[in-house]
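Working notes, structure below.
Order of appearance sets the numbers: ligands from 1, and atoms from 1 within every ligand.
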Amino acid sequence: MIQDHYQALKARNLSINASRGRPHTSQVDLCSGMLSSLETHFSEDGADVRNYGGLDGIPEMKRIFAQILDVSPQNIIVGGNSSISMMFDCIAALIHKGIWAAGQKFLCPSPGYDKHFAICEYFGLKMLSVPMTLTGPDMDVTEALAKDPDVAGMWCVPVFSNPQGYIYSDETIKRLASMPTACPSFRLLWDDAYSVHNFRGTRPRIANILHECTNCGNAARPLLFTSFSKISTPGAGVVCMAADENELKIFRERINIQTIGPDKINQLRHAHFFKDLSGVLAHMKKHANILRPKFERAYEVLETGLAGTGASFIQSDGGYFISIDTPPGCAKKVWQLCKEAGVLLTDAGATYPYGNDPLDTNLRLAPTGLSIDEIEQALEVLIVAVKLAVLK
Ligand code: PLP
C-alpha cells in the first residue's frame, strides 16, 4: 500500500529542491528598493564610495553591524558579500601566521553546517563532533576535548543553529567563554548568521560572547561573523566580522594586501535602505510574515505524517531549516527515495563532519524557497519515504 502511494508520487514527476536555505523570491523582492536607495555617493566620513579606500568598511555600515552584534564599531571589519568566505579567509590568515597549523583539531557541534565542515576539511583541520543539545553544544564534552592542546577552535552558530534551530543558553555561552583550553590560541568561530531571523516571537537575546570572553581574560577567543545574505540578498548582501580590537590587527593587515577597496557602493546602499538596527528588525518582520506560514504548515504536516514512524523533527521559532531524525540507519535510504521521487534534500550525512552521520539519522530540509504547495508535496514524499525506509 505504501509502495503504491510512493509510485503514485513518483508519477507526479516532481522537481522540488529543498536542499539549500534560499530566501523565496517574495523575500528578496522586499529589498528591491535598495537598488535605488542611494541618495548620495558619499559616506558620512566624506568618502566617495565610488572610489578606492575604506578598507574595513564605511562608518554607517560598521554602526549597523555593531548594533546587530552588540559590540562597538571599532570591533567591526565590514567584509564583502559572503560571511562564509570571510570565515574561510580568517582561518587561512590564522594558519598563514602560524597561529594555527594544519593537522590541528576543530570542535564541530553536530548536526551542524556543512559549509563549516567543508572549510575545515579544505584546510586539513581534523574535525571532532560534539553532540548538540537543546541549549547548544554539550559543554561537558566540549570542556573535556578542549584539554587537548591540538584542539585549536570550534564552530558555533549560537542563534537558530543550522539545522536544528537551537539557541545557546547563557550558561553555555559563559562556559564557552571561560573554559580552560590547552591550546593558547583556541578560537570560537561564532557564526551569528541568524541573529535577527526569528519568524515567531521576539528576537532572542543571548549573552554577549565578546563581553563574556573579555571579562574572563579571553578577549582574543571569539571571532564573530554575521551576514545580510538572508536579510537583503544572498550573494549581494554585506557581511562583517567582529573581534577584540587587538585581535583584528592581523585581519586588517591582511585586507590591506588583498584589496584596495571593498564594494562600498553596496555598503552605502544597505546603510541607506536599512538605516539602523530598528530598520533591520522592521524588515525582518516582513520576512517573518512570509516564512511563518511555511514553517507552521510544515510542522503541522510533519506532526501528523511522522507520528508512529519512529522519526522526529524539531520545531523552532527562527532560522532557515527543519532538522528531521529518522530511526537509525534510515536517513540515506529516505534521502534516496525522496530524490527518486523528485524531491532533493540536503545530502544525508552532510550535517556531520566528513559527511559521516554515525547513526545515519539526520536529514535537513530547507523550506524557505518553496511555496506552501511545494512544501506540502515535498513533505508528502518525505513522509512516505520514511515509512518505506522503516519497512525495508
Ligand atoms: N552561516 C550559516 C550558519 C548559514 O546557515 C549560512 C547559509 O546557509 C551562511 C553562514 C552563509 O552566509 P553567507 O551567504 O554570508 O556566506
Side-chain angles (χ1 to χ4, degrees), residues 17-24 27-28 31 57 61 64-65 68-69 76-92 106-120 122 132 136-137 153-168 188-199 204 206 209 222-242 262-263 266-267 270 274 280 284 287 291 295 314 316 318-323 344-347 350-353 362 364-370:
N17 188 340
S19 66
R20 295 234 73 96
R22 296 165 194 271
H24 190 258
Q27 291 177 262
V28 289
C31 70
M61 201 60 228
I64 295 177
F65 276 129
I68 293 176
L69 292 173
I76 300 278
I77 295 179
V78 182
N81 68 332
S82 162
S83 59
I84 276 296
S85 79
M86 206 169 192
M87 294 171 218
F88 180 101
D89 200 56
C90 282
I91 294 184
F106 223 80
L107 303 185
C108 299
S110 308
Y113 182 33
D114 54 346
K115 290 275 178 195
H116 289 164
F117 303 156
I119 295 174
C120 280
Y122 182 90
M132 274 295 280
M154 178 173 186
W155 288 111
C156 294
V157 181
V159 173
F160 302 130
S161 66
N162 176 349
Q164 290 156 310
Y166 289 154
I167 300 171
Y168 289 19
L188 294 168
L189 272 81
W190 198 257
D191 182 358
D192 208 356
Y194 298 110
S195 160
V196 292
H197 298 62
N198 56 296
F199 50 74
I206 57 168
I209 191 65
L223 299 174
L224 290 73
F225 302 88
T226 195
S227 165
F228 268 74
S229 284
K230 287 163 185 153
I231 299 175
S232 62
T233 41
V238 58
V239 308
C240 82
M241 71 175 290
D263 183 351
N266 196 33
Q267 290 184 29
H270 277 77
F274 290 101
V280 172
M284 292 313 284
H287 279 271
L291 293 178
F295 277 88
I314 294 164
S316 179
Y320 257 63
F321 303 98
I322 302 177
S323 177
L344 193 64
L345 306 176
T346 310
D347 287 355
T351 53
Y352 280 79
N362 191 245
R364 187 185 83 165
L365 178 97
T368 55
L370 309 177

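- In this structure, the protein non-hydrogen atom closest to atom 8 (O) of ligand 1 is K230 NZ, 2.6 Å.
- For an aromatic pair to be called close, the ring centres must be under 6.0 Å apart, and F160 with Y320 fails this.
- One N or O on the side chain of S316 and one on the backbone of G165 form a donor-acceptor pair closer than 3.5 Å.
- Listed by atom number, the atoms of ligand 1 under 4.0 Å from S229 heavy atoms are 13 (P), 14 (O), 15 (O).
- Looking at ligand 1, you won't find any N or O of V157 less than 3.5 Å from one of its N or O atoms.
- Nearest protein heavy-atom contact of atom 5 (O) of ligand 1 is Y194 OH, 2.6 Å.
- Numbered from 1 in the order shown, with element, the atoms of ligand 1 that lie under 4.0 Å from a heavy atom of S82 read 15 (O), 16 (O).
- Nearest non-hydrogen protein atom to atom 12 (O) of ligand 1 is S83 OG, 3.1 Å.
- For ligand 1 and S227, the ligand atoms under 4.0 Å from any heavy atom of the residue are 13 (P), 15 (O).
- With ring centers used as reference points, F199 lies 6.0 Å or more from Y194.
- Between Y113 and W155, the distance separating the two ring centers is not shorter than 6.0 angstrom.
- Side-chain contact check for H24 versus T368: every heavy-atom pair is 4.5 Å or farther apart.
- Relative ring orientation between F228 and H270 is described as perpendicular, the plane-to-plane angle rising above 60° on a 0-90° scale split at 30° and 60°.
- For atom 1 (N) of ligand 1, the closest non-hydrogen atom of the protein is D191 OD2, 2.5 Å.
- In summary, the atoms of ligand 1 found under 4.0 Å from a heavy atom of V239, numbered by their order in the structure, are 15 (O).
- Shown here for P137 and P109, the closest heavy-atom pair between the two residues is CB-CG, 4.0 Å.
- With respect to atom 9 (C) of ligand 1, the closest heavy atom belonging to the protein is Y113 OH, 3.5 Å.
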